[in-house]
Amino acid sequence: MLQTSFFHVAVTVKDLSAFENFYAKYFGFSRARTISLGEGKELVFLKDAGNFYFEVFPPDQERPVPLAEGDGPHYPGFRHLAFSVDDVDAKLAEMGEDAVITLGPLKFDDFIPGWKTAWVKDPEGNIIEITQGYVDQEGQG
């Protein structure tokens, strides 16, 4: 098989500034590239400290369905993004009022000792999982 690697998640946002500031402030993203789409619109790539990118588009339409709650929609499709942190409670405290919790924090010690997760909304209403303590199952992968 040819070598492949994950490149980006594409999102469409109403408020680029709020989206960019949120992910820069709490998850270390910075602008990697801007491409003019004409008519004052731009496509922006945001990159974290590793090799994860958001490809951020301006909207051409209104959202056709209500925003998701909890841990994201349960119908087929994109459910949520997840970020691993050392301490969920400390991350939520750092985020203060910007941590709009939709579910949790929940502990999953029955599956993995020390695994804890909370779900929050970003400024566009996308669901983000903030998790600590996940480890792969022995013998998998």
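Here, residue 1 is the first one in the sequence, and each next residue gets the next number.
Electrostatic pairing of K14 and E62 counts as a salt bridge here, judged by a charged N lying under 4.0 Å from a carboxylate O.
Closest heavy-atom contact between T102 and V120: OG1-N, 4.1 Å. In terms of heavy atoms, D89 sits closest to P105 at OD1-CG, 4.0 Å. Taking all atoms of both residues into account, the shortest heavy-atom contact from F57 to A10 is CE1-CB, 4.0 Å. Across all non-hydrogen atoms, the minimal contact from K121 to A68 is CE-O, 3.8 Å. Minimum interatomic distance between L37 and P58 (heavy atoms only, all atoms of both residues): CD1-CD, 3.9 Å. Listed here is the closest heavy atom pair of I127 and D71: CG2-C, 3.8 Å.
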Derivation of the side-chain contact (heavy atoms from CB on, under 4.5 Å) call for R31 and L46: CA-CA 5 Å; R31 193 173 282 217; L46 302 177; 4.3 Å; yes

Worked verdict on N51 versus F6 for side-chain contact (heavy atoms from CB on, under 4.5 Å): CA-CA 8 Å; N51 285 318; F6 185 80; over 6 Å; no

Residues N126, L81; criterion side-chain contact (heavy atoms from CB on, under 4.5 Å); working and verdict: CA-CA 8 Å; N126 300 305; L81 293 173; over 6 Å; no

Trace of the ring pair (Phe, Tyr, Trp, His ring centres under 6.0 Å) decision for F19 with F54: CA-CA 10 Å; F19 185 88; F54 281 115; 5.3 Å; yes

Stepwise side-chain contact (heavy atoms from CB on, under 4.5 Å) test for D15 and E124: CA-CA 7 Å; D15 188 339; E124 292 289 322; 3.7 Å; yes

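Atom NZ of K25 sits about 9.0 Å away from atom CE of M95, to the nearest 0.5 Å. Within the model, atoms NZ of K41 and CG of D60 stand 4.5 Å from one another, a figure rounded to the nearest 0.5 Å. To the nearest 0.5 Å, atoms CD (E55) and CZ (F7) are separated by 7.0 Å.
Cluster membership for V9 and Y26, using ILVMFWY side-chain heavy atoms within less than 4.5 angstrom, is shared. A continuous path of Ile, Leu, Val, Met, Phe, Trp and Tyr side chains, each step under 4.5 Å between heavy atoms, connects F27 with F78, placing both in one hydrophobic cluster. Clustering ILVMFWY residues whenever any of their side-chain heavy atoms sit less than 4.5 angstrom apart, transitively, puts Y53 in a cluster other than the one holding V11. Linking Ile, Leu, Val, Met, Phe, Trp and Tyr whenever their side-chain heavy atoms come within less than 4.5 Å leaves F45 and L16 in two separate clusters. Residues I101 and W115 do not share a hydrophobic cluster, clusters being chains of Ile/Leu/Val/Met/Phe/Trp/Tyr side chains in contact below 4.5 Å.
Of the possible polar contacts, none joining the D48 side chain to the F29 backbone as a donor-acceptor pair under 3.5 Å is found. Using a distance-only test at 3.5 Å, with no hydrogens or angles considered, no donor-acceptor pair links the side chain of T131 to the main chain of V85. Between the side chain of Q132 and the main chain of V88, a donor-acceptor pair closer than 3.5 Å is present.
The 12-atom threshold is exceeded at CG of D109, counting heavy atoms of other residues, nucleotides or ligands nearer than 6.0 Å.
Using cut-offs of 30° and 60° for the angle between ring planes, the F83 and F52 rings count as perpendicular.
A heavy-atom distance below 4.5 Å is found between the side chains of T117 and F108. Using a 4.5 Å heavy-atom threshold, the side chains of F111 and Q137 count as separate. Side-chain contact between T34 and V44 is present, with at least one heavy-atom pair separated by less than 4.5 Å.
Checking Y23 against N21 by side-chain atom types alone, no donor-acceptor pair falls below 3.5 Å.
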